[in-house]
Protein chains: 4
Amino acid sequence: MWFVVDPHSSVPIYAQIKEKIKAMILNSKLKPGDSLPSIRTLAKDIGVNVNTVARAYRELELEGIIRAERGERYAVVGFEDKIYFETKERLIKELKSVLKRCQDLGISKEEVLRLLEEVYMHQNEGGDEYDNSKE
Amino acid sequence: MWFVVDPHSSVPIYAQIKEKIKAMILNSKLKPGDSLPSIRTLAKDIGVNVNTVARAYRELELEGIIRAERGERYAVVGFEDKIYFETKERLIKELKSVLKRCQDLGISKEEVLRLLEEVYMHQNEGGDEYDNSKE
Amino acid sequence: MWFVVDPHSSVPIYAQIKEKIKAMILNSKLKPGDSLPSIRTLAKDIGVNVNTVARAYRELELEGIIRAERGERYAVVGFEDKIYFETKERLIKELKSVLKRCQDLGISKEEVLRLLEEVYMHQNEGGDEYDNSKE
Amino acid sequence: MWFVVDPHSSVPIYAQIKEKIKAMILNSKLKPGDSLPSIRTLAKDIGVNVNTVARAYRELELEGIIRAERGERYAVVGFEDKIYFETKERLIKELKSVLKRCQDLGISKEEVLRLLEEVYMHQNEGGDEYDNSKE
DNA sequence: GTGGTCTAGACCACA
DNA sequence: GTGGTCTAGACCACA
């Protein structure tokens, strides 16, 4: 597949995988009915353990976003609005919290704005990296 | 003391405490030579475990920002530029990463901008809350 | 053929097929000497994978209940008492286990009784559905 | 703790643990606010791996039935009616399905009734065994 | 001490 | 081939 995961991030790998897949559904890079790479394939692809991918898929299934039949691949179901807004709300809280910490530490609004432009300039052409700002 | 900590945040409490104290030094709410509340006092004050405050103080001491004195006293040393920039750089990376995730999840630049204004409007009058967007 | 299988049940499909065929022998819907549908036919009929039917037939053959004949034909041999009692005992254990879990979860005896009546009222007229309580 | 798990059951161990804890809440053997044994303690107690208990607890937490704070024990929150009914409904479906299979296999209503009496006679005095009908 | 994440690897059920 | 479960054990963060 098609994305990168950051093992040093404080965001757990399984959570990064979940978020990436959700993002790809929003992007329409993954559409309802599409099948996902098998657990083992994805695990090898992004260089993590099978169990880690399995956990991500299992939780996405519990959230009703993907679904597996017996012995078959996982397929995208879709992204209920409710789940979507929950995910978004959680991320917005995180953003707000980080912004407050920036203000506290004396990072100026202009500096943040510059970063914002920088990130959003890349029209998600690649969009595949998770957090390429880390080593 | 003078600040609040969010036990549900994914940022560890000890790290929140460290950052808050650094911010207060930047703010000049704490100046070199000022003494800090004792570990036990602060712990009781903000409602966290003593070990948590102890860890924050220990690490701040290692960074040369505060100094242990006789009898459980800690005093502010100051905030060397080098340390300050490191701290700031780390936070900026975190911000960039969150911004990328926002873009991935389809949160518009305008929406982020709105949040940015909202946060920075409060001229840090209080500045005491860590993440008051949570219940 | 003549029965339905529930792909969402926790009972494996091949086991459902086996049990169904055994039941039909008991019912005398299938008699010794009768031939069974070919693996492919049955698979297409009930909409499952060929391997799944193959496994069911293979195991039924091992139990001496059916017999492979020339050219993909399978014929009913019969249902030896010994095998019959084993099958029955296994199911009774399963039932006991489920009943205990019902008790644990606070489902009353009356409620179970009501279900029992409901299920047994249908004199197996159809008998074709495996678990028609699912959507 | 206080219960037994059946490693040979087709019900996964983590699911058995979840169901047992739910049952104990219904029983009022566990009340809101009570703390649960630590993951490691329970794991040793019932002889399974730490990860298995961790998964059970994690899922119960996702369902809102128990909850852990940082570095603290898990505590019982309670059992929302919605979750309770879902759990019960799922079990009732399972029971219905097993009853149908019993009928199919020619187990008489009287026989089932006898089992029902037998199981429910034990007024859950012990109630601690998961499925002691298995070896 | 507590829980959380992750790995490597086994073994099973299913198609 | 596919996914599911489980284990043993490591390592980390937190109190």
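None of these values were measured; they are calculated from a predicted model. A, B, ... follow the sequence lines: proteins, then strands. Residue 1 opens every chain.
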Practice task
Looking at every strand, decide which applies to D/N49 at a 4.0 Å heavy-atom threshold: base, sugar-phosphate, or nothing.
Solution key: base
Handout entry: Nearest-angstrom distance from the residue atom CZ of C/R55 to P of E/dC12
Key = 12 Å
Completion exercise
Walking DNA chain F from its 5' end, the first of A/S38 and D/T52 to be reached, judged by nearest nucleotide, is A/S38
Exercise for the section: State, yes or no, whether a side-chain contact exists between B/E63 and B/E86 at a heavy-atom distance under 4.5 Å. Expected result: no
Handout entry: hbond_proxy D/N51 side chain to E/dG3 base (donor-acceptor, 3.5 Å cutoff)
Key = no
Practice task
Examine E/dT5: is either OP1 or OP2 under 4.0 Å from a nitrogen or oxygen in the side chain of A/Y14? Give yes or no.
Solution key: yes
Practice task
Let me know the distance between NZ of C/K18 and P of E/dC14, rounded to the nearest Å.
Solution key: 11 Å
Handout entry: Under-4.0 Å side-chain N/O to phosphate OP1/OP2 contact, D/Y74 with E/dG3
Key = no
Problem - A/Y57 OH to F/dT5 P, straight-line distance once rounded to whole Å - result: 16 Å
Handout entry: Whole-Å gap separating C1' (E/dC14) and CD (C/E59)
Key = 12 Å
Practice task
Starting from P on F/dC6, measure out to CG on D/D6 and report it in whole angstrom.
Solution key: 11 Å
Handout entry: Side-chain heavy atoms of A/F3 within contact of A/L42, under 4.5 Å
Key = yes
Problem - A/E94 bridged to A/K96 by N-O distance under 4.0 Å - result: no
Exercise for the section: Decide yes or no for A/V48 and A/Y14: does some side-chain heavy atom of the first lie under 4.5 Å from some side-chain heavy atom of the second? Expected result: no
Practice task
Indicate yes or no: at least one non-hydrogen side-chain atom of A/D104 is less than 4.5 angstrom from one of B/E19.
Solution key: no
Handout entry: Watson-Crick or G-U pairs under 3.5 Å in DNA chain E, rendered as dot-bracket with [ ] for crossing pairs and | for another strand
Key = ||||||||||||||.
Exercise for the section: Could you tell me whether the side chain of A/R40 has a donor or acceptor atom within less than 3.5 Å of a complementary atom in the base of F/dG3? Expected result: yes
Handout entry: Separation of atom CD1 in A/I13 from atom P in E/dA8, rounded to whole Å
Key = 11 Å
Completion exercise
Whichever of B/V50 and D/V50 has the more 5' nearest nucleotide on DNA chain F, that residue is D/V50
Problem - Salt-bridge present (C/R55, C/E59; N to O < 4.0 Å) - result: yes
Practice task
From the options E/dT2, E/dC6, E/dC14, select the nucleotide whose nearest atom is closest to the side chain of C/P12.
Solution key: E/dC14
Completion exercise
In whole angstroms, the gap separating P of F/dA8 from CD1 of D/I39 amounts to 16 Å
Handout entry: Distance, rounded to the nearest Å, where D/L36 contributes CG and E/dG3 contributes C1'
Key = 13 Å
Exercise for the section: Before giving the answer on side-chain contact (heavy atoms from CB on, under 4.5 Å), spell out for C/Y74 and C/E69 the whole-Å C-alpha distance, their side-chain angles and the decisive distance to 0.1 Å. Expected result: CA-CA 6 Å; C/Y74 280 87; C/E69 306 195 325; over 6 Å; no
